[in-house]
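Take a look at the following structure, please.
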Protein chains: 2
Amino acid sequence: MPAATTSSTTDTNNVTSLADRRLLHETVIDRLRDLIVQGELAPETKLNERVLAEKLGTSRTPLREAIKFLASEGLVELLPNRGAVVAPLKPEKMKEVFVVLGALEALAGDLACRNATEADIAEIRALHYHMLAHHARGELAQYFRYNQQIHIKFMECAGNATLTQVYRGLNAHVKRARYMANLSRERWDKAVKEHEDMLDALVKRDGARLQTLLRDHLANKLVMVMEALNAKSAEAAR
Amino acid sequence: MPAATTSSTTDTNNVTSLADRRLLHETVIDRLRDLIVQGELAPETKLNERVLAEKLGTSRTPLREAIKFLASEGLVELLPNRGAVVAPLKPEKMKEVFVVLGALEALAGDLACRNATEADIAEIRALHYHMLAHHARGELAQYFRYNQQIHIKFMECAGNATLTQVYRGLNAHVKRARYMANLSRERWDKAVKEHEDMLDALVKRDGARLQTLLRDHLANKLVMVMEALNAKSAEAAR
DNA sequence: TAGGCTCATTTTGCATACAAAAAAGGTTTG
DNA sequence: CAAACCTTTTTTGTATGCAAAATGAGCCTA
């Protein structure tokens, strides 16, 4: 029996293909979020509905729904009668986000030390070694990927889905900045060392120490991000 | 010159009137959120687009955009090809939210002790006395109103707009539950006493004590909400 | 009578149409 | 030459149209 593909236009950029049960506007949300987080749509870029809809292979209706969704996440800003722009990436905002993330990660670390199963810890350890491997090879993008996964896994170990959701939302803002970061080898090594310590604290179920480590780790990350932002704005001023 | 009202249908429930520069879908977002938070649209109610659009005096398009926005806030859930429902109000979810709120309020309390101006504190004191007045008269709704304002003001004193925004989002969930609460006089008196202590700690800029007080206050609030939820589910099971 | 089938109705999801607002461009005037 | 005005074009905001999916009502069958 041949695969009965749902009838659909065969546009170049069409998103739907093979038995795709997802809804178009949900796909658009994810694609648009990626475009923003990965910096393909730079901060303060105006979102032209006609152009974007075409680019994403849909009509304006699902696109507008996606824009509203992302506006609630704070990744885009709505300008009445003037559409929407990619949310600006201001140093001030970034500081705010890091303060909140600090509280959330500290909470997660504490909960994770109590709730993580041995299997959870084994999984984090595995991710950790993947990360080390990519660090050793100097593969920044891959490194970030596993780094992210470790932080998310920490969150999940806390066993609080609401916490994870809020974390993800705020973290999207940070990720945007990170894509510009030019991590120095020195900072990078330090970050890896911090991860070693964090894993150790989790293994020993030392919630208090883990909280401290997470706060320091975040503080260092903030410095990194601020440097990247400053470099970027200096570049823009040239 | 007579007020040149923008031409518009004169439906019964029409939202726009006199020089209203707000956009329809933004109005719809706020109205729909109120309906959900105040329980007029009960948890797990199916959102029929045609009916709701009519009720709000608009077409389905802005309504759908509003639904997507509120979905991101977590107040409604999207069911692919089956529309949307008001998010269920599960005790488990409520516990999660309170844990996160605890971390956020503690953070805010700490920051507020450092950053609040004397004018801020005066304003909180004023709100506090309003609250006391309504407590004395047994006016629950009004009491809640000022209670809310005090908590929001605390947040604002922390001087972190991102923190305030996240707080508001999570707090919306709690508010939903609170509208069912049947506060006993005993608990109510206790809550007021806690507020007295919180104000005192803020005046003395005792961040550590304020954090503890806020955590306890929230813990008590959680008990209240859980009782309300249990009472409601017991009622539903009858 | 319970279970399942078919067909009609409703509802959702997406595309398009249209009106109002904003932006762009050109012309005039100081 | 710049600023103010008017016109044209573009873009947004909302309503409506239409197809596909889901729902529900009969009807049949075991």
Side-chain angles (χ1 to χ4, degrees), chain A residues 4-32 41 44-72 76-86, chain B residues 4-32 41 44-72 76-86:
Chain A
T5 56
T6 52
S7 74
S8 169
T9 63
T10 46
D11 276 355
T12 48
N13 281 39
N14 202 337
V15 186
T16 64
S17 58
L18 277 147
D20 188 352
R21 295 284 298 139
R22 293 191 68 206
L23 258 42
L24 191 44
H25 67 254
E26 306 216 337
T27 312
V28 173
I29 288 172
D30 290 342
R31 295 239 290 152
L32 187 52
L41 287 171
E44 301 178 71
T45 305
K46 190 162 177 356
L47 299 180
N48 183 307
E49 296 179 359
R50 192 178 44 77
V51 172
L52 247 185
E54 198 163 346
K55 178 166 175 174
L56 298 179
T58 118
S59 76
R60 285 173 54 216
T61 307
L63 172 63
R64 282 179 62 92
E65 293 179 359
I67 287 174
K68 296 298 176 296
F69 193 97
L70 294 178
S72 180
V76 312
E77 283 184 6
L78 303 176
L79 313 175
N81 286 315
R82 301 186 47 198
V85 297
V86 177
Chain B
T5 57
T6 52
S7 73
S8 169
T9 63
T10 47
D11 276 353
T12 48
N13 282 38
N14 200 337
V15 185
T16 62
S17 58
L18 277 148
D20 189 351
R21 293 287 297 141
R22 294 191 68 206
L23 285 150
L24 192 42
H25 66 252
E26 306 217 337
T27 313
V28 172
I29 288 171
D30 290 342
R31 294 240 289 152
L32 187 52
L41 287 171
E44 302 179 67
T45 305
K46 190 159 175 2
L47 300 179
N48 183 306
E49 296 179 0
R50 191 178 45 76
V51 172
L52 248 185
E54 199 162 345
K55 178 165 176 174
L56 298 178
T58 144
S59 76
R60 285 173 56 216
T61 307
L63 172 62
R64 282 179 60 94
E65 293 180 359
I67 287 173
K68 297 298 176 296
F69 192 97
L70 295 177
S72 180
V76 313
E77 283 185 6
L78 303 177
L79 313 176
N81 286 315
R82 300 184 48 197
V85 298
V86 178

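All values below come from the heavy atoms of this structure, side chains included, with hydrogens, waters and symmetry mates left out.
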**side chain to side chain contact (heavy atoms under 4.5 Å, CB included), paired with R31(A), selected from V28(A), T27(A), I29(A)** =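 Of the listed options, the one satisfying the test is T27(A).
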**Between dT12(C) (P) and E54(B) (CD): distance, integer Å** =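 Rounded to the whole Å, the gap is 13 Å.
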**Item:** Any T58(A) side-chain N or O less than 4.0 Å from OP1/OP2 of dA15(C)
**Value:**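 Answer is yes, contact under 4.0 Å.
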**With sequence neighbours excluded, residues passing side chain to side chain contact (heavy atoms under 4.5 Å, CB included) with R60(A)** =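 R60(A) satisfies side chain to side chain contact (heavy atoms under 4.5 Å, CB included) with E49(A), A53(A), R64(A) once adjacent residues are dropped.
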**Message:** Within the 4.5 Å heavy-atom criterion, are I67(B) and L78(B) side-chain neighbours or not?
**Reply:**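 When only atoms from C-beta onward are counted, L78(B) and I67(B) do touch, with a gap below 4.5 Å.
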**Request:** Compare side-chain N and O positions of S59(B) against OP1 and OP2 of dA15(D) and report whether any pair is under 4.0 Å apart.
**Result:**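 Yes, because at least one side-chain N or O of S59(B) sits under 4.0 Å from OP1 or OP2 of dA15(D).
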Detail all sub-3.5 Å separations between protein N/O atoms and N/O atoms belonging to nucleotides 10-13 of chain D.
from	atom 1	to	atom 2	distance (Å)
dT11(D)	OP1	N48(A)	ND2	3.1
dT11(D)	OP2	R50(A)	NE	3.3
dT11(D)	OP2	R50(A)	NH2	2.7
dT12(D)	OP1	K46(A)	NZ	3.2
dT12(D)	OP1	L47(A)	O	3.3
dT12(D)	OP2	E49(A)	N	3.3
dG13(D)	OP1	N81(A)	N	2.9
dG13(D)	OP2	R64(A)	NH1	2.8
dG13(D)	N7	R60(A)	NH2	2.8
dG13(D)	O6	R60(A)	NH1	3.2

**Request:** Answer yes or no: is there a side-chain heavy-atom contact under 4.5 Å between L32(A) and L41(A)?
**Result:**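 Side chain of L32(A) against side chain of L41(A), heavy atoms only: contact under 4.5 Å found.
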**Message:** Rounded to whole Å, how long is the line connecting atom CZ of R22(A) with atom C1' of dC14(C)?
**Reply:**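 Answer to the nearest Å: 16 Å.
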**Message:** Using 0.5 Å steps for rounding, measure from the CG atom of N48(A) to the NZ atom of K55(A).
**Reply:**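 Result: 11.5 Å between the selected atoms.
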**Message:** According to side chain to side chain contact (heavy atoms under 4.5 Å, CB included), who are the partners of E44(B), at least two apart in sequence or on a separate chain?
**Reply:**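 So E44(B) forms a side chain to side chain contact (heavy atoms under 4.5 Å, CB included) with P88(B).
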